[in-house]
Number of protein chains: 2
Amino acid sequence: MDQNSLPPIQTTARDDAVLKALVGFVRAEALQPGDRLPTERILAERLKVSRNTVREALTRWEGLGLVERRQGSGTYLKAAVSPDMLHMPLTLAGGNDFTSLMHTLEIRRALEAEAAALCAERASPADIAEIKRKLDIMEQAFRTRDGMSSEEDWEFHQAIYRVSGNPLFEQIIAAMHELFHRFWEHPLGVRDFGHASFPYHRTIYECIAARDPQGARAEALKLIATVEDDLKRGAAKLKLSSQT
Amino acid sequence: MDQNSLPPIQTTARDDAVLKALVGFVRAEALQPGDRLPTERILAERLKVSRNTVREALTRWEGLGLVERRQGSGTYLKAAVSPDMLHMPLTLAGGNDFTSLMHTLEIRRALEAEAAALCAERASPADIAEIKRKLDIMEQAFRTRDGMSSEEDWEFHQAIYRVSGNPLFEQIIAAMHELFHRFWEHPLGVRDFGHASFPYHRTIYECIAARDPQGARAEALKLIATVEDDLKRGAAKLKLSSQT
DNA sequence: TGCAGAAATTGGTTGGACCATTGGACCACT
DNA sequence: AGTGGTCCAATGGTCCAACCAATTTCTGCA
């Protein structure tokens, strides 16, 4: 390890300075997600700050999901870091599960439609082939496992976001996706949740392949609409069962 | 073997327990945003944990924007807290180039349109009056200060997001707004940046007041389009000037 | 009464200590 | 060779007792 890439801290605002130095260190060492950071004791010594200060800084990063600490093992990078990162903790408070789920879907409806349209505008032949490949995998998984294809389904969508050329789509929708699935432990009693959305994956693909942005947007909206319908059905069923 | 049948066991979670207790305290005391929390020393004593542990917990909340610490003064609540809060840290890799700015606008285009449509669907008469008020303030500021009304402009939009009933709109668009404005100090040489968007604020309001979701969506799209045009003009001018 | 300075309060930092967990080294036994 | 057991150093988690720096509150003099 290059010890010169961790110079001592100078001014006030200690823990922020620690994080800034750590960003520089990660870049200098070209650390990838999964790599281990220096131990807290070493960081404290190199940066000439107390170990507690290092810990406060790492606690911040841990809260942002940038880093994972494992006692007895070390602190590991969980995501790529860069000097000009913007951290925006989304807070979804109050309300019942149904309301929160609908909120994530409203965001997805807006972004899925836009991403699909941009994808249809910008997709190269190679991009279209890649999306087709993901679609085939997903349809195959759907048939063999009788509707349980959430993983392959998600990869199909991710391919579209990537081809849209705007990395923000994937990041934000991924956040919505994760937010959605945190409520998802109890599928609201709807066994065939998501079945209705199946055919629209192919129609979205066809619109993209045909370079038809408006069509892709419309099909994406239909897809989200089916999920919203499933959700409403589940909520109605839940309300019914809770009244007994 | 079903790997999910052996989840990792939970061993220690001191600071999480502190936050849980703090949520209960805030509820029991009915603390509102702006109120002061007990001092770290008192919390440490009451909860029978070290002050360091309390600090780590508060650092987490500070990172989530739930709390603000002021040295010498105290720790203050910044947002409402509830036991069923869900946090999703969103870290966006920023860029200061033209492409990154366009990316933030693509997201805004999708979300502004959806938020305006939802707002038109759901706005109560009181909501409409509030939006009108913000519009008047903004138009007044625009005329008296000759186009410099970014602050009031932003408040007008925020009112729309709030009325949409989905807090995620405001949070995500705020992130895009900040990402955009981080590089807007020099508006790419376009002096009247944003002027063209002015009339659409009123047309959006009129569609909302008329409960016309599709109209509101269309007007919001036009508004973003003018900003995109301004950006493209600025980029072209910049490219021209850098070639001299 | 008004206000400057002292004193108390509070978050920020330090250094040192000990605990709990982890992971590797080593070893005995099969 | 493989399995399980024991030991040990490394590492994050917690605790303590100070002191520092910013802020607020109180006090006493003009």
Side-chain angles (χ1 to χ4, degrees), chain A residues 1 3 6-22 25-26 29 31 33-79 81, chain B residues 6-22 25-26 29 31 33-79 81:
Chain A
M1 184 198 312
Q3 303 189 0
L6 281 176
I9 295 296
Q10 291 181 353
T11 60
T12 51
R14 304 286 227 217
D15 43 2
D16 278 342
V18 168
L19 290 184
K20 211 171 161 187
L22 215 42
F25 176 80
V26 170
E29 300 286 324
L31 294 187
D35 289 349
R36 214 186 76 166
L37 296 174
T39 72
E40 298 177 349
R41 288 173 176 84
I42 292 189
L43 285 174
E45 181 191 355
R46 295 272 199 283
L47 300 173
K48 296 292 183 213
V49 295
S50 154
R51 189 178 151 218
N52 268 334
T53 304
V54 171
R55 282 189 58 78
E56 292 233 351
L58 288 178
T59 298
R60 279 230 246 293
W61 268 17
E62 192 184 26
L64 293 172
L66 293 178
V67 115
E68 178 185 355
R69 290 151 131 176
R70 287 207 286 271
Q71 184 174 170
S73 177
T75 303
Y76 297 83
L77 206 58
K78 256 179 75 177
V81 299
Chain B
L6 276 180
I9 61 176
Q10 189 76 359
T11 55
T12 51
R14 273 299 226 263
D15 41 4
D16 278 344
V18 169
L19 290 183
K20 210 171 161 188
L22 215 41
F25 177 81
V26 170
E29 300 284 322
L31 294 187
D35 289 349
R36 214 187 74 166
L37 297 174
T39 72
E40 298 177 349
R41 288 172 175 84
I42 292 186
L43 285 175
E45 182 190 354
R46 294 270 198 285
L47 299 173
K48 296 294 182 203
V49 295
S50 153
R51 193 181 149 214
N52 258 334
T53 305
V54 171
R55 282 187 59 78
E56 292 231 352
L58 287 178
T59 299
R60 281 235 236 298
W61 268 18
E62 193 184 26
L64 292 173
L66 293 178
V67 116
E68 177 184 355
R69 289 151 128 176
R70 287 206 285 271
Q71 185 173 174
S73 176
T75 303
Y76 298 83
L77 208 56
K78 252 177 78 177
V81 299

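In the text below, chain A, chain B and the rest are named by the order of the sequence lines, each starting its count at 1. When reading the values below, keep in mind they use all heavy atoms of this one structure, side chains included, and skip hydrogens, waters and symmetry mates.
- Contact check for B:L43 versus B:F25: no side-chain heavy atoms found under the 4.5 Å cut-off.
- Counting only heavy atoms from C-beta outward, the side chains of B:L58 and B:V18 never approach each other to under 4.5 Å.
- Checking side-chain atoms of A:R36 against main-chain N and O of A:S73 turns up a donor-acceptor pair under 3.5 Å.
- Put simply, CD on A:E56 is 7 Å from P on C:dG12, counting in whole angstrom units.
- In this structure, A:T53 does not reach the C:dG12 phosphate: none of its side-chain N or O atoms is under 4.0 Å from OP1 or OP2.
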Can you check each nucleotide of nucleotides 5-11 of chain C against protein heavy atoms at under 4.0 Å and return B for base, S for sugar-phosphate only, - for none, in 5' to 3' order? ----BBB
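- Across the protein-nucleic acid pair, A:D16 atom CG and C:dT13 atom C1' stand 14 Å apart, rounded to whole Å.
- Salt-bridge formation is not detected for the pair A:E68/A:K78: no Lys NZ or Arg NE/NH1/NH2 atom is positioned less than 4.0 Å from an Asp or Glu carboxylate oxygen.
- In the model, A:R55 has no side-chain atom that pairs as donor or acceptor with a side-chain atom of A:S50 under 3.5 Å.
- The separation between A:L47 atom CG and C:dG15 atom P is 13 Å, rounded to whole Å.
- A:L43 places its CG atom 17 Å from the P atom of D:dA10, with the value rounded to the nearest Å.
- In this model, a side-chain donor or acceptor of A:N52 finds a partner on the base of C:dG15 within 3.5 Å.
- One distance of note links OG1 of A:T75 with CG of A:D35; it measures 13.0 Å at 0.5 Å rounding.
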